[in-house]
*Asks:* 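Submitted below is the structure of interest, expressed as structure tokens.
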Amino acid sequence: MSPHARGLGIRTSFQFKLFSIFSLLTLLTTSLLSALYIINENHQSRQHAAVQLQLQAKHLADASRLPLYAENHGLLLQLAEQAAQSPGIRAVVISAGNGRVLADIRSKGPADASGTISQTVEVHSNQLIDSIEASMTGGHDAAKTLIGTVRMVRGTADLSHALRRMVIYSAGMAIVFWLSVSLLSYLVLRRVTRSFNALMQGIDVLQEGDFTARIVIESDDEPDRAAHAINNLAQTLQIRTEENSRLQEERLHLERQMLLAQKLESLGIMAGGIAHDFNNLLQAILGNMELASSKLDPEAACQKYLRHATNAAKRASLLTDMMLTYVGQGSSVKKELNLNTLLRENADMMKTVASSVTTELQLSAELPLIVADEAHIQQLVMNLMTNAAEAIVEQPGLIRLTTGTQVCDRTCLAASLLKEKAEPGRFVFFEISDNGCGMSAETLHRLFDPFFTTKFTGRGLGMSAVLGIMKTHHGALFVESEPGRGTTFRALFPVPESAAPALDHLQAPSGRTRMPQSEPGKGETAATAPDTGSAAAGQLSGVALVVDDEKSVLRICTKMVRLCGFTVITACDGIDAVNKFREHCDEIAVILMDLTMPNMDGIAAMGEIYRIKPDSKVILSSGFHADELSERITSQPPCGFIRKPYCISELESELRRVVHEE
Amino acid sequence: MRRVMFLILALATLLPTMAQAYEILVLQSSRDAGYETVLKGFHSGANPSERIIVLSDYAELDIVRIVREDRPTVILAIGDAALATARKVHDTPVVAVMSLGIHTPASQQPNLTGIDMFAPPARYIDIFKSMKTRRVGVLYNPARCNWYLRLARRAAEAAGIELVTREVFVPRQTIAQLATLAGKVDALWMLPDSTAVTRETIEAYFDFGQQQNIPVISFAANYLGLGAAAVLEIDRLALGRQADSMVSAILRANHSGHMALGFPNNIQVKTNPGILRRLNIHL
């Protein structure tokens with residue numbers, strides 16, 4: 001606080017105002033009383049001097065009655081001189097009754113400008129003495145006879161001197177008294193206003209927003225009672241502020257979650273739409289490729305190219321699956337899984353992809369099995385390992401893979417990067433750590449944002465997929481990273497109650513997932529080429545109704561169904577399908593119907609067909625997963641489902657299963 | 001009927017005359033206690049009818065008309081004011097008492113008599129003699145007290161006492177004249193002389209006596225308290241009785257001639273024991 005502000009605060013303080021009022025009143029009172037005292041004393045001293053002078057004059061009058069009556073000048077002068085010798089007497093004048101001056105004595109001292117006091121006394125005949133007539137008659141003579149006058153004049157220099165001394169003394173006493181009273185007032189006011197000052201300081205602190213501060217209460221006077229009330233108010237405000245902060249944080253958290261949910265929902269809608277369209281296209285591509293291949297000599301040189309194209313189309317199909325997985329809409333098939341095996345296979349694959357990076361395995365010998373989707377875990381491990389390999393800028397690098405078990409409580413799990421915290425308990429973890437460039441705080445903050453990437457290539461969906469997979473498996477994810485010191489990810493999976501320890505020799509290496517050679521850094525997995533040579537159409541026959549709004553898909557599907565042995569009736573949407581089924585319901589053995597169509601979708605058309613013929617055999621086909629389909633169907637389910645893109649063998653087996661009710 | 005009417009008219013005419021008829025007109029100067037005492041002594045005798053007029057009760061009094069209408073046989077004047085009023089009457093005998101101016105030569109008139117306020121000189125001389133004083137100082141106005149001084153000198157010579165006299169003609173001379181007596185007298189004699197003794201100069205007498213350490217003999221008991229060693233005071237009750245005797249004698253003589261002034265008969269000697277003791281005087 002600046003000296004000016006401190007001075008302003010003191011001037012406006014209650015204590016200073018009271019002290020000023022008391023001091024001023026005391027000063028005024030003291031000054032007034034001193035002035036009155038001085039005036040009174042001056043008046044008294046002058047009156048006393050006047051009375052004394054009058055007494056002297058009376059005394060002189062008594063003494064000079066006879067000489068005055070006899071007009072004895074000599075004696076009168078003598079008496080006047082004697083009287084004039086008294087201190088301060090400046091003149092003595094004795095006059096006869098007719099005013100004639102008989103004696104006039106003036107002081108020879110220096111002139112005094114301080115003023116004079118004059119007293120004149122008349123000299124009468126002695127009233128105690130009666131005339132001879134009254135004495136002889138026994139009466140009393142009350143008449144007075146004026147014999148003359150005596151006038152005495154005295155100076156007031158001594159009075160003025162005494163007055164000055166008295167003024168100095170009184171002023172000194174008044175100042176001492178005023179200072180004493182002011183000091184006492186200050187001490188008393190400081191004591192009295194202590195609680196008030198504490199109250200004001202507390203209010204100032206509260207005004208600055210510090211609701212945790214409390215006013216010290218020392219007594220039960222009014223300010224302290226007010227301080228008590230303010231303390232209560234501050235406590236209430238503190239609670240309210242904390243609650244507001246908590247609510248604000250919760251609101252922000254909810255907003256972020258809502259934003260994320262909206263983002264993921266939008267992403268899911270977009271991914272679902274893309275996957276559906278892609279799968280339709282892939283269905284057309286794969287179907288045509290398969291038909292083309294079946295028309296050619298198996299030993300033909302172009303079969304190799306058709307096979308490569310088929311494989312690429314299937315990888316594209318897997319990619320659409322991954323897109324759905326990113327947004328949590330992917331299908332998952334959970335089973336008991338040995339993490340050690342999975343990591344070992346991925347480590348081998350990493351050695352082939354990034355030969356300059358050393359992979360070190362520290363796997364727990366008795367690791368419990370976890371229940372998880374193998375493909376998802378594979379994708380999770382590959383994403384994290386790929387990121388670790390790419391983070392190693394300076395070769396050679398080291399990637400350490402560690403597994404183990406640990407028990408976590410809520411405190412431990414609170415640090416998980418997932419919003420949905422796992423339940424406390426025993427977990428299997430695997431840890432991937434590298435000595436790469438590490439991540440900054442900003443990168444860590446945006447680690448799971450979709451489409452956020454620090455690389456020139458890539459889609460920025462890898463860590464989003466990691467987050468979605470961990471959420472699907474109710475696990476926990478931790479990360480430690482520091483720029484220049486590397487990054488460590490640890491993923492925890494809950495151990496099932498009936499989990500058995502993993503035995504490496506019982507777990508055969510999975511042949512389904514392999515790190516694609518062409519895209520080692522993206523974490524996607526590719527499926528092996530399907531067996532397309534097992535389509536056996538001879539055992540199936542009858543009329544099949546094929547429904548799809550995409551003409552290319554409808555066309556290829558029609559051919560594939562025919563290859564399976566059916567006579568095909570086609571429909572371009574749901575209404576068309578229902579109409580044609582109504583016409584040929586008795587001869588149609590099975591209906592292969594697309595799910596998403598204009599005018600009337602597959603589910604609605606299926607309902608109509610069931611109404612026409614409840615025991616109809618309907619196989620729905622869609623680019624979406626069957627899980628999503630089941631959520632939408634509330635009435636009679638279809639007899640079968642085949643996900644696009646599919647090959648002839650898959651179609652045949654599904655048709656066979658439905659038609660023959662296998 | 002005629003007789004009744006005559007009787008009524010006679011009574012109406014004569015009764016007021018009978019009601020106002022008295023022999024003594026008493027003129028009293030004021031209602032002072034001394035005058036009342038004298039009047040009381042005057043009434044102690046078998047007085048005939050009288051009318052009392054207190055002059056201080058009237059703003060103005062026509063004594064001549066009263067006397068002419070009332071025709072009193074004798075007038076008793078008590079005090080100087082009464083005497084001054086009574087002097088306006090010349091054909092009715094006037095007896096004056098309690099008056100200092102009765103002996104003034106200029107005011108002598110044939111119908112005036114009375115009793116002096118002076119004690120007989122022999123009585124004072126006796127006191128001085130008993131005090132064994134040889135020289136007695138006296139201040140007086142010859143115009144007033146020359147007659148008395150003649151008597152006093154004669155009595156003093158007979159007793160072997162010297163009167164050291166000083167004449168004063170105005171009161172202011174008293175103090176200076178007193179001063180001339182310093183060391184020359186053994187006692188001081190105050191006379192009821194209104195020139196020599198005034199209210200202003202009385203103190204001088206007693207101051208002189210105190211300074212000279214001599215006794216002051218005065219004429220009124222009031223002065224004992226001021227410093228007089230002894231006084232010869234007239235008994236006012238006896239004075240009234242003495243006046244009654246003079247009035248009775250006039251009435252008996254039926255206004256036959258002039259009566260001489262007389263000294264008061266009854267004189268009381270009063271002393272101040274303290275002063276006498278201090279002056280070592282035994283009376």
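Numbers restart at 1 for each chain; the letters A, B, ... are given by sequence-line order, proteins then strands.
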*Asks:* What part of I78(B) gets within 4.5 angstrom of chain A, counting heavy atoms only: side chain, backbone, both, or neither?
*Replies:*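 Neither part.
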*Asks:* Are any non-hydrogen side-chain atoms of F169(B) and P142(B) less than 4.5 angstrom apart?
*Replies:*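 Answer yes - side chains close enough.
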*Asks:* Can you establish whether the number of heavy atoms outside H59(A) located under 6.0 Å from its atom NE2 is more than 12?
*Replies:*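 Not buried by this count: 12 neighbours or fewer within 6.0 Å.
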*Asks:* Counting only heavy atoms from other residues, nucleotides and ligands, does the tally under 6.0 Å from CZ of F19(A) exceed 12?
*Replies:*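 Buried by this count: over 12 neighbours within 6.0 Å.
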*Asks:* Flag yes if more than 12 heavy atoms outside H48(A) fall under 6.0 Å of its NE2 atom; otherwise flag no.
*Replies:*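 For H48(A), atom NE2 is not crowded (no more than 12 foreign heavy atoms under 6.0 Å).
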*Asks:* Examine whether an atom of D193(B) lies under 4.5 Å from a heavy atom of chain A, and if so say whether it belongs to the side chain, the backbone or both; otherwise answer neither.
*Replies:*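 Backbone of D193(B) only, per the 4.5 Å heavy-atom cut-off to chain A.
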*Asks:* Which one, T37(B), N222(B), D32(B), leads in non-hydrogen pairs under 4.5 Å with chain A?
*Replies:*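 With the most close heavy-atom pairs to chain A, the winner is N222(B).
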*Asks:* If you tally heavy-atom pairs under 4.5 Å against chain A, which of T174(B), D80(B), I234(B), L226(B) wins?
*Replies:*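 Most heavy-atom pairs within the cutoff with chain A belong to L226(B).
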*Asks:* Chain B heavy atoms under 4.5 Å from L68(A): which part of the residue, side chain, backbone, both or neither?
*Replies:*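 Interface part for L68(A): backbone (N, CA, C, O).
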*Asks:* Around atom OH of Y169(A), are there more than 12 heavy atoms from other residues, nucleotides or ligands closer than 6.0 Å?
*Replies:*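 Not more than 12 within 6.0 Å, no.
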*Asks:* S194(B) versus chain A, heavy atoms under 4.5 Å apart: side chain, backbone, both or neither?
*Replies:*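 For S194(B), heavy atoms of backbone and side chain both lie under 4.5 Å from chain A.
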*Asks:* Can you tell me which portion of I129(A) sits under 4.5 Å from chain B's heavy atoms? Options are side chain, backbone, both or neither.
*Replies:*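 Its backbone and side chain both get close to chain B.
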*Asks:* Give, as side chain, backbone, both or neither, the part of A176(B) having an atom under 4.5 angstrom from any heavy atom of chain A.
*Replies:*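 Looking at A176(B), nothing touches chain A.
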*Asks:* Which atom pair, heavy atoms only, marks the closest approach of I102(B) to G114(B)?
*Replies:*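 Smallest interatomic distance, heavy atoms only, reads CD1-CA, 3.7 Å.
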*Asks:* May I ask you to name which of A33(B), A204(B), G225(B) has the most heavy-atom pairs under 4.5 Å with chain A?
*Replies:*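 Of the options given, most contacts go to A204(B).
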*Asks:* Tell me whether the NZ or CZ atom of R166(B) lies within the 45° cone about the ring axis of Y140(B) and under 6.0 Å from its centre.
*Replies:*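 No, R166(B) does not sit over the ring of Y140(B).
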